[in-house]
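So the structure is just underneath, and the comments pick up after that.
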Amino acid sequence: MALREIIILPDKRLRLVSEPVKKITTDIRKLVEDMFETMYDAPGVGLAAIQVGAPKRVVTIDVAKKEEPKNPQVFINPEIITASGEKGVHEEGCLSIPEFYDDVERPAEVKVKYLDLEGEQHEIEANGLLARCLQHEIDHLNGVLFIDHLSKLKRDRVIKKFAKAAKRAAAE
Ligand code: K1U
Ligand code: ZN
């Protein structure tokens, strides 16, 4: 296993639409292992492959509480089949937009179809943090960031702040 670098806003790769996984190869298995290591190290509750620079439709999630045993879950080619009309508002963060948090409204429950690492298809009905995390990560696969759910004013402020920081870092 290896830690991979998490790419940060305004890296343009965060706006790519990731490619579906056609075959579960050794490279995909290695990517998943590295994503879990990177996600736990960050720490985060989810990670999309594009956040480590791999434009593949692969997501890792572990929403287990501190006192609970680890519950690593991998979702390959995940698709939202249904979303509830009921919405919920909760604070979100993003490992690619460090130290910025804001409230986001999303469907409270989703049904998601996906493949596991054996290529078997599954469906999961999710609510709570798992539903939120699945929607946040599936957004990443489509080049969408949680700041896109905020007002234009807030989004532009965040983008400007991170663009400035990147410019400063490049000049050092
Ligand atoms: O995709 C990502 O950037 C990961 C992100 C996922 C996420 C967070 C909150 C709501 C929806 C999706 C994170 O994991 S940010 C870090 C975080 O939320 C956290 C970190 C440690 C413990 C608990 C939460
Ligand atoms: Zn994120």
Side-chain angles (χ1 to χ4, degrees), residues 1-19 21 28 31-80 83-84 86-112 114 124-151 154-159 161-163 165-166:
M1 286 212 285
L3 276 182
R4 298 200 190 190
E5 189 186 337
I6 296 177
I7 63 176
I8 304 294
L9 193 74
D11 193 311
K12 286 191 172 70
R13 290 172 290 176
L14 289 168
R15 293 309 190 174
L16 291 177
V17 175
S18 295
E19 289 291 328
V21 172
I28 293 291
L31 171 65
V32 168
E33 277 184 20
D34 291 354
M35 284 173 64
F36 275 120
E37 185 171 355
T38 306
M39 183 185 87
Y40 286 126
D41 178 75
V45 290
L47 196 68
I50 191 58
Q51 292 181 276
V52 292
K56 297 280 175 199
R57 300 188 82 83
V58 176
V59 162
T60 54
I61 290 182
D62 189 339
V63 292
K65 298 195 178 91
K66 264 189 196 154
E67 63 276 15
E68 293 171 350
K70 277 185 175 177
N71 182 25
Q73 292 178 285
V74 53
F75 300 88
I76 297 173
N77 300 341
E79 275 177 52
I80 296 173
S84 63
E86 187 198 338
K87 304 272 198 283
V89 176
H90 206 278
E91 190 173 78
E92 294 193 18
C94 180
L95 298 175
S96 297
I97 313 175
E99 290 167 36
F100 176 76
Y101 304 89
D102 211 331
D103 284 346
V104 177
E105 184 182 73
R106 295 189 189 268
E109 294 183 10
V110 285
K111 191 192 269 190
V112 171
Y114 65 97
I124 187 171
E125 285 189 90
N127 57 30
L129 182 56
L130 180 58
R132 181 159 292 274
C133 201
L134 276 164
Q135 292 174 77
H136 179 114
E137 303 309 336
I138 292 170
D139 268 358
H140 272 303
L141 303 184
N142 295 321
V144 174
L145 300 171
F146 87 96
I147 54 170
D148 299 332
H149 296 278
L150 307 178
S151 68
K154 277 190 181 177
R155 181 168 59 253
D156 288 351
R157 264 195 208 148
V158 177
I159 292 171
K161 183 178 158 197
F162 278 81

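In listed order, ligands and their atoms are each counted from 1. Side chains included, hydrogens not; waters and symmetry mates left out as well; all remaining heavy atoms used.
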Quiz item: Taking all non-hydrogen atoms of both residues, which atom of V63 and which atom of L129 are closest, and how far apart?
Solution: CG1-CG, 3.7 Å

Quiz item: Any N/O of H136 closer than 3.5 Å to an N/O of ligand 1?
Solution: yes

Only distances under 3.5 Å count here; give the side-chain donor-acceptor pairs of residues 67-79 to other protein atoms, sequence neighbours excluded, each with its distance to 0.1 Å.
unit_1	atom_1	unit_2	atom_2	d
E68	OE1	K65	N	2.9
N77	OD1	V21	N	2.8
N77	ND2	V21	O	3.0

Quiz item: So does D102 pair up with R155, basic N to acidic O under 4.0 Å?
Solution: no

Exercise. Among all protein heavy atoms, pick the one closest to atom 10 (C) of ligand 1 and tell me residue, atom and distance.
Key: E92 CG, 3.7 Å

Practice problem: Please report the C-alpha distance between K154 and D103 in whole Å, then the side-chain angles of each, then the deciding distance to 0.1 Å, and finally whether the salt bridge (Lys or Arg N to Asp or Glu O under 4.0 Å) criterion is met. | Solution: CA-CA 12 Å; K154 277 190 181 177; D103 284 346; over 6 Å; no

Exercise. Could you find the nearest protein heavy atom to atom 4 (C) of ligand 1 and give me its residue, atom name and distance?
Key: G46 O, 3.0 Å

Practice problem: Measure the distance from atom 3 (O) of ligand 1 to every protein heavy atom, then report the residue, atom name and distance (to 0.1 Å) of the closest one. | Solution: L95 N, 2.8 Å

Quiz prompt | Protein residue, atom and distance nearest to atom 21 (C) of ligand 1, heavy-atom basis | solution = P43 O, 3.7 Å

Quiz prompt | Distance-minimising heavy-atom pair for A64 and D62 | solution = N-OD1, 2.9 Å

Exercise. Show which atoms of ligand 1 fall inside a sub-4.0 Å distance from at least one heavy-atom site of H140.
Key: 1 (O), 3 (O)

Practice problem: Check P43 against L95 and note the closest heavy-atom contact, atom names and distance. | Solution: O-CD2, 3.8 Å

Quiz item: Starting from atom 13 (C) of ligand 1, which protein heavy atom do you reach first, and at what distance in Å?
Solution: V45 N, 3.9 Å

Practice problem: Applying salt bridge (charged side-chain N to carboxylate O under 4.0 Å, His left out), name anything that partners R13, two or more places apart in sequence or on another chain. | Solution: D11

Self-check item: Minimum-distance protein heavy atom relative to atom 1 (O) of ligand 1
Solution: E137 OE2, 2.7 Å

Quiz item: Does ligand 1 have any atom sitting under 4.0 Å from a heavy atom of Q135?
Solution: no

Quiz item: Which ligand 1 atoms, with their elements, are less than 4.0 angstrom from a heavy-atom of G44?
Solution: 14 (O), 20 (C)

Practice problem: Check each heavy atom of Q51 against ligand 1 and say whether those closer than 4.0 Å belong to the side chain, the backbone, both or neither. | Solution: side chain

Exercise. Look at atom 9 (C) of ligand 1 and say which protein heavy atom is nearest, naming residue and atom and giving the distance to 0.1 Å.
Key: G93 N, 3.9 Å

Quiz item: Do the rings of F36 and Y40 sit parallel, tilted or perpendicular, given the 30° and 60° boundaries?
Solution: parallel

